[in-house]
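A, B, ... follow the sequence lines: proteins, then strands. Residue 1 opens every chain.
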Number of protein chains: 4
Amino acid sequence: MRRTKEEAGITRKQLLEAAVRVFSEKGYAATRLSDIGEEAGVTRGAIYWHFGNKKELFAALFKERVDPFFKFIKEILNEDFGPLDKIQKILTVFFERFRCDRDFLANQHLDFIEMKIRNEVPEIRTFMKEREDKFYEILVDVVNAGIELGEIRKDVDPDAVTSMLATLIAGYAFLLAGNEASSLFKGKGKEMVEIFITGIRA
Amino acid sequence: MRRTKEEAGITRKQLLEAAVRVFSEKGYAATRLSDIGEEAGVTRGAIYWHFGNKKELFAALFKERVDPFFKFIKEILNEDFGPLDKIQKILTVFFERFRCDRDFLANQHLDFIEMKIRNEVPEIRTFMKEREDKFYEILVDVVNAGIELGEIRKDVDPDAVTSMLATLIAGYAFLLAGNEASSLFKGKGKEMVEIFITGIRA
Amino acid sequence: MRRTKEEAGITRKQLLEAAVRVFSEKGYAATRLSDIGEEAGVTRGAIYWHFGNKKELFAALFKERVDPFFKFIKEILNEDFGPLDKIQKILTVFFERFRCDRDFLANQHLDFIEMKIRNEVPEIRTFMKEREDKFYEILVDVVNAGIELGEIRKDVDPDAVTSMLATLIAGYAFLLAGNEASSLFKGKGKEMVEIFITGIRA
Amino acid sequence: MRRTKEEAGITRKQLLEAAVRVFSEKGYAATRLSDIGEEAGVTRGAIYWHFGNKKELFAALFKERVDPFFKFIKEILNEDFGPLDKIQKILTVFFERFRCDRDFLANQHLDFIEMKIRNEVPEIRTFMKEREDKFYEILVDVVNAGIELGEIRKDVDPDAVTSMLATLIAGYAFLLAGNEASSLFKGKGKEMVEIFITGIRA
DNA sequence: TATGAATGAGCATTCATTCAT
DNA sequence: CATGAATGAATGCTCATTCAT
């Protein structure tokens, strides 16, 4: 039993880390709190102390994980690249990180898989909606800038670009996270980015 | 209670139809057999009579639904189009059908969501592997034909094309099936296809 | 489906034969009607046609099997032996038959195992009570005759002899029917009879 | 709800006590865990906490009950009696205890009734086999000693003696535990022992 | 803080039983 | 006579949750 504040913080962190892994591997419904407890080296009781219940634990995951995620994207967008390079960079970095950072992938996978839960917990819903809306606006601006700068084809629908980004990221995280993916899917992150960029380049 | 063979067939069909809907809406683990039973207008017992258990019911879904799905693709590939048009057609038709045919979407959604289950039931695993492998080979041939005919860029990796197809289809089905999708995702099926095709066209 | 009376009789007989085997192997509660059906080569429905329900099937077993069993004993008792020989013969024949006739053993095993059921079905209860009472009276007479004839010790309690018979038969059937019996139990039917007879001989 | 270790031990003990009673009364298959729970004053959940599942509960019964049982026999065999007296004592004490100690009877009844289960749970199987083998060896030694000392007839097969012991104990426990025993069976423990001893005495 | 013990609602599954054919 | 289809009550088991310690 951890007695100091510091130690309690460690338990909390371990629980969250265990939770992403287990949730993303099994999905929300099939995940047992005991699994998470075991993976974190504590009993289920600790989860209740730190998070209240299963749903809250799941919600906490988002609040803690999504923020750095969006910060990460913002950093890319703030760097001194042209619009097209920004878009390319975002996708490339996503794909790259999916491949290397199992936790990052798990998190994203979770994000897409558990939309149902997200809709059930208003807290998550609002939380995610806000950031995505903001992200959407920034991205559309980037695309429009790209068009104005002549980097992107004039006849490209900015919404198609954001949709394509969302679709590719969702699909990639999905296929990559599935233990044994479809035969069609061979990774090919860089090549796919290239195709996409070629598809919108002026 | 249905007593004739014919009527039993109806019950079976209704169970399967109910099952796609419920499974794809709730996911495998969160689906209760009673939900499916109620939706089909029979008791849980009927499920056991027809399918044996939950897993087998799920497996039966695949065996019955995936076949027409692949037939559908084959038909497109057999038509008298050029390679690029075939690829475009496949994606277009998929996206279109996802939008209009709720059951088709649900089915595909299921397919992607429940890879875990798929891996647990060897029957499904083998079943799917075979068809996907075949599909993959045909597609690669199409891409290579496209390259030779000068319709597709020479420097395009055929595997990148199949991966892109898989990714787009998975992502699209996914985002569309999520009750309240990401802000980034605005549908835009046709536009996305156009970007993709432009990305690989010679 | 059997259509003639004769064929129906065959089904009935097969069901009863299957029933003794399965009941005696698994016990009443653990026996599924489908087991019996399969062993008899028909579906459960046939059981309901012939016997009404599980309990009735079980009851029918007794009525059909116990009669010949008591007849068999009576025959021994009616033969022209001395009292001691009669007692010896009964035990010997029982043990012998237990060893050789698997169905006979199963039947007896059942008889002892399922006293609970017997008590639940008044029909069986009365039925068995009557025969056993009669058997008891005859046996006590035999023992008394033996005492009077000086074949059996005067200080032997006739009830102890009948109890011993019952105990040995029950115990023997029991230990023999248990798949892997106690290490103590090595069969030894004849030897046990000899010990018993020596124990009561004048 | 019991919260301390001590109290948990009480719950466990009560569950075991309830379990012997219910199992031996209804048999393994017909016993519902809720019966045991109710009899012990807890919910079924507590059974799963303490024992894992039904089979394990049953197995636990053996491991906890059989040991004292064999100790009890050993004590008799270690006392300062002659071989014949030891054998007589064992039977006498068994019969006596069966009559007075309902739990002891129930336990023994269980032991004989559920050989099937015993064979299904390897743990129990090995466990019992070992003790019975040891018991058998000791008993055979006692019989041989009796023969050498001239207390027991030279022509008596030691295995017949152990078999008789097993048969009598099994049969007696059986007939006594059956709610309404056979008409033949009138108890008569002491008298039966006397007959047996007379049967083997030199 | 965290654990151990226990609860209870919910779920998959089994199985005797029904009954139209 | 017998089957196939379906029902429904019962039962073992899982798991989120509670709470005294």
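Distance from the side chain of Trp49(C) is smallest for dC1(F) among the nucleotides dC1(F), dA6(F), dT3(F). The side chain of Thr43(C) lies closest to dT3(F) when the candidates are dA6(E), dT17(F), dT3(F). In this structure, of dA5(F), dT11(F), dT17(E), it is dT17(E) that holds the atom nearest to the side chain of Lys54(C). Comparing dA16(E), dA12(E), dA6(E) by their nearest atom to the side chain of Tyr48(B) picks out dA12(E). Candidate nucleotides dG10(E), dT7(E), dT17(E) were compared by shortest atom distance to the side chain of Ala46(D), and dT7(E) ranks first. For Leu33(D), taking side-chain heavy atoms from C-beta onward, the closest of the listed nucleotides dG12(F), dC15(F), dT14(E) is dG12(F).
Between Ile10(B) atom CD1 and dA6(F) atom C1' the separation is 14 Å, expressed in whole Å. To the nearest angstrom, P of dT1(E) lies 7 Å from NE2 of His50(A). Whole-Å rounding puts the Arg32(D) CZ to dT14(E) C1' distance at 15 Å. Between Phe58(B) atom CZ and dA12(E) atom C1' the separation is 16 Å, expressed in whole Å. Between the CD atom of Glu38(A) and the P atom of dC15(F) there is a distance of 11 Å, rounded to whole Å. For the pair Glu56(A) CD and dA16(F) P, the computed distance is 15 Å after rounding to whole Å. The distance from atom CD1 of Ile36(B) to atom P of dC11(E) is 12 Å, rounded to the nearest whole Å. Following rounding to the nearest Å, Glu7(B) (CD) and dT7(F) (P) show an atom-to-atom distance of 12 Å.
Using a cut-off of 4.0 Å between Lys/Arg side-chain N and Asp/Glu carboxylate O, Glu64(B) and Arg12(B) are scored as salt-bridged.
With hydrogens and angles ignored, a donor-acceptor pair under 3.5 angstrom links the side chain of Arg44(B) to the base of dT13(E).
Counting heavy atoms from C-beta on, the side chains of Val42(C) and Ile47(C) never come closer than 4.5 Å. The shortest side-chain heavy-atom distance between His50(D) and Glu56(D) does not fall under the 4.5 Å cut-off.
Aromatic rings from Tyr28(A) and Phe58(A) are positioned such that their centres are separated by under 6.0 Å.
Nearer the 5' end of DNA chain E, as judged by each residue's closest nucleotide, is the contact made by Arg12(A), out of Arg12(A) and Gly45(B). Summary of the strand contacts: Gly41(C) and Ala30(D) both lie near DNA chain F, and taking for each the nucleotide with the nearest heavy atom, the more 5' one is attributed to Gly41(C). Between Ser34(B) and Gly9(D), the residue anchored nearer the 5' end of DNA chain E, judged by the nucleotide with its closest heavy atom, is Gly9(D).
Under the Watson-Crick or G-U wobble criterion, with both distances below 3.5 Å, dT14(E) is paired with dA9(F).
Phosphate proximity of dA5(E) to Thr11(D): absent, as no side-chain N or O sits under 4.0 Å from OP1 or OP2.
When atom types are taken as modelled, the side chain of Lys54(B) and the backbone of Thr31(B) share a donor-acceptor pair closer than 3.5 angstrom.
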